[in-house]
Amino acid sequence: MNDGDKKPKKNGLRFPFGGPQLPDPKKFGGWKFTIIYIVILIVGMSLFNYVFMNRVNPTIDFSEFKARIASGEIKRVELTDSYFTGYTTQRQLTQVPGLRSNLRAANVYRTVGILTEDFIRLLDSQGVGYYAVSREGSAILNIIFSWVLPIAIFFFIWRFLMKRLGNMGGNVLSVGQNRAVIVAEGDIVTRFSDVAGVDEAKEELVEVVDFLKNPKKYTDIGGKIPKGVLLVGPPGTGKTLLARAVAGEAGVAFFRMSGADFVEMFVGVGAARVRDLFKQARDKAPCIIFIDELDAIGKSRINNIAGGNDEREQTLNQLLVEMDGFDATSGLIILAATNRPDVLDPALLRPGRFDRQVLVDRPDLKGREAILSIHSKPVKLSPQVDLAAVARLTSGFVGADLANIVNEAALLAVRGGRTLVIQKDFEEAIEKTVAGLQKKNRIIKDDERRIVAFHETGHALIAAFTPGSDPVQKISIVPRGFGALGYTLQMPVEDRYLMTEDELLGKINVLLGGRAAEELVFGKISTGAANDLTKAADVARRMITDYGMSARFKNVALTQRGASMLGTHEQREPQFQREYSESTQQYIDEEMASMMETQYNIVKTMLSERRSLLDSIAAQLLEKETLDEHEFKAMVNI
Ligand code: ADP
Ligand code: MG
Ligand code: ZN
């Protein structure tokens with residue numbers, strides 16, 4: 001379902017389990033496959049044995065053998081150096097041991113005997129025919145049966161397997177070569193108009209399309225075209241779709257690989273594949289390489305305590321080498337997608353590599369409506385269907401969920417015997433999907449949404465009424481991919497290198513605003529402020545220990561900056577060393593607590609004085625889900 005170019009069938013339905021299932025090439029040659037052939041081999045050999053060999057009873061005692069001769073059961077005896085074989089038929093079918101095509105299978109007894117005169121006498125007295133078989137005579141056939149035949153059987157099976165593998169494209173021996181997976185796709189029909197709800201991401205990618213179309217425009221002026229663009233966002237928000245749309249809009253070839261495709265069992269194969277991919281792409285330029293799920297190969301090498309995974313590391317290194325190696329003017333641009341930007345190796349994000357990051361976030365109300373209308377275009381809707389209402393009911397849903405809902409609604413309409421999809425079908429489809437998503441913790445309940453709305457409004461209002469605070473750019477209660485239920489975005493107006501004590505306290509106030517609003521409105525507090533509190537405590541601690549802003553240790557720095565380890569993570573804080581006693585630590589803790597309490601009370605007063613504003617903005621936020629700078633300013637009236 002993640003193939004953006006696969007247009008739905010004529011009636012606009014996609015059936016959840018429909019369509020011919022092509023075998024996954026990677027599954028072939030897997031070990032299930034091998035086991036089937038081993039079983040066939042064993043069964044075949046047993047059958048062969050059964051049909052062509054005599055039924056040989058297990059070796060019996062020589063005394064029993066003699067008894068069976070005496071009783072007349074054994075009528076013929078074959079003598080060899082190592083054992084005697086007794087047959088219950090008189091007729092000698094063939095002289096050849098091993099292969100006796102007696103289909104009227106005789107009973108055969110075998111024993112390790114002693115050739116004595118007594119024994120010969122017994123044979124003579126019973127009239128048993130006996131003869132000796134020289135080893136020489138059977139040698140050739142023995143060799144054939146014990147050596148040539150099994151080898152021949154294995155050879156044929158091997159040939160057969162090779163042919164199967166051959167059909168899957170490529171030779172087994174050329175592991176490093178990419179198999180059929182890696183052909184460039186031309187004529188991509190996906191366009192930006194097929195993607196909705198991610199306008200900011202689209203805007204940035206429009207520029208990438210322009211790079212691909214008119215690289216000269218940029219290089220003439222001396223500018224550098226970016227080599228890599230990383231699409232970051234939760235699953236199902238349309239990252240893959242956007243990448244295809246870029247290729248479609250620019251009209252260039254599209255190489256798509258998933259990060260997992262590079263990670264192979266053998267060390268070196270992934271790296272060879274990367275090399276191969278870039279070679280093919282350079283020949284086809286201008287084109288786009290799209291690496292889906294980059295985190296599969298791009299995981300940070302630093303956090304790898306257990307010694308690391310050689311294969312993945314080699315693959316990643318090769319990718320870095322290739323990205324540095326190609327000339328951006330050649331019209332090759334690398335797009336990659338990930339939903340785990342936090343685990344990526346920092347080397348990937350350096351200039352000249354994936355230095356552009358595009359956030360593909362969950363759609364807000366308007367975005368969801370637009371996505372719904374894109375996906376219901378091929379579906380016959382009753383005129384009464386209100387997609388805006390559907391959008392209102394699907395807070396937190398991503399594009400893939402919405403596409404699924406439209407399809408589900410259409411299926412429900414068919415099941416209900418209708419020719420048009422009605423609103424109730426949508427409602428039922430939403431209910432079905434919500435149940436599934438709730439299990440995955442992706443849906444926020446209504447009362448939680450209310451808490452989030454007041455929390456974020458609290459941050460925003462304090463920011464608006466704290467002099468010197470960065471202006472609010474956006475408030476949102478659309479859950480952000482990575483754990484946050486909502487967010488308030490503040491943009492610094494200018495670079496700041498110094499902050500006054502008041503400004504630091506203002507920062508703490510803004511951070512506390514979320515929880516204070518919750519307490520004010522609901523009379524209770526939630527866990528939603530945990531991250532805010534950590535940040536606020538961090539600012540407070542630094543004020544006391546680093547900046548000497550406490551009453552007792554005025555102008556005393558209590559920490560000493562340790563030399564930062566060479567080559568550590570860029571984002572990691574330098575190591576701090578504690579330079580004070582236990583009692584000082586206690587003082588710091590107490591001072592922090594009292595600072596927090598003072599600020600929290602200030603914040604609560606600020607908010608309760610503006611209670612009606614808090615209520616109206618939160619209500620607006622609940623309805624629209626996001627408020628931008630202008631909408632917010634208009635409401636606050638500043
Ligand atoms: P991702 O790669 O981010 O996990 P996909 O691009 O594979 O998500 O999205 C899966 C499907 O969901 C797409 O093929 C498309 O049908 C639908 N979809 C997802 N996001 C959007 C969107 N923003 N606009 C329109 N359709 C979308
Ligand atoms: Mg994807
Ligand atoms: Zn908060």
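Atoms considered below: every heavy atom in the structure, side chains included; atoms not considered: hydrogens, waters and symmetry mates. Each ligand, and each atom within it, is numbered from 1 in the order the structure gives. One is the number of the first residue; the rest follow in order along the sequence.
Salt-bridge check for Glu207 with Arg356: passed, with a basic side-chain N closer than 4.0 Å to an acidic carboxylate O.
You'll find the ring centres of Phe522 and Phe454 inside the 6.0 Å limit.
Residue contacts with ligand 1: Gly238 is placed with a nitrogen or oxygen under 3.5 Å of a nitrogen or oxygen of the ligand (distance criterion only). At least one N or O atom of Lys239, backbone or side chain, sits closer than 3.5 Å to an N or O atom of ligand 1. In terms of N/O distances under 3.5 Å, ligand 1 is approached by Leu241. Backbone and side-chain nitrogen or oxygen atoms of Gly236 are examined, and one is located within less than 3.5 angstrom of a nitrogen or oxygen of ligand 1.
Legend: residues meeting ring-ring contact (aromatic ring centres under 6.0 Å, His included) with Phe354, ordered by chain and number and at least two apart, are absent. For Tyr547, the ring-ring contact (aromatic ring centres under 6.0 Å, His included) criterion is met by no residue, not counting sequence neighbours.
His375 counts as a contact of ligand 1, since one of its heavy atoms falls under 4.0 Å from the ligand. At least one heavy atom of Ile371 sits closer than 4.0 Å to an atom of ligand 1. For Asp194, the closest heavy-atom approach to ligand 1 falls below 4.0 Å. Judged by the shortest distance from any of its heavy atoms, Ala196 lies inside the 4.0 Å radius around the atoms of ligand 1. Residue contacts with ligand 1: Pro235 is included, with a non-hydrogen atom under 4.0 Å away.
Shown are Asp292, Thr190, Leu231; of these, the side chain to side chain contact (heavy atoms under 4.5 Å, CB included) with Thr240 is made only by Asp292. Of the candidates Glu519, Glu448, Glu518, Ser526 forms a side-chain hydrogen bond (donor to acceptor under 3.5 Å, both in side chains) with just one, namely Glu518.
No donor-acceptor distance shorter than 3.5 angstrom exists from the side chain of Lys624 to the backbone of Ser476, with no hydrogens or angles considered.
Taking the Zn ion (ligand 3) as the apex, the angle formed with NE2 of His455 and NE2 of His459 is 90°, to the nearest 10 degrees.
Closest N/O/S atom of Asp532 to the Zn ion (ligand 3): OD2.
Side-chain atoms of Arg418 and Val414, non-hydrogen and from C-beta on, never get closer than 4.5 Å to each other.
Residue-level proximity to ligand 1 for Thr237 is carried by backbone and side chain together, each with a heavy atom below 4.0 angstrom.
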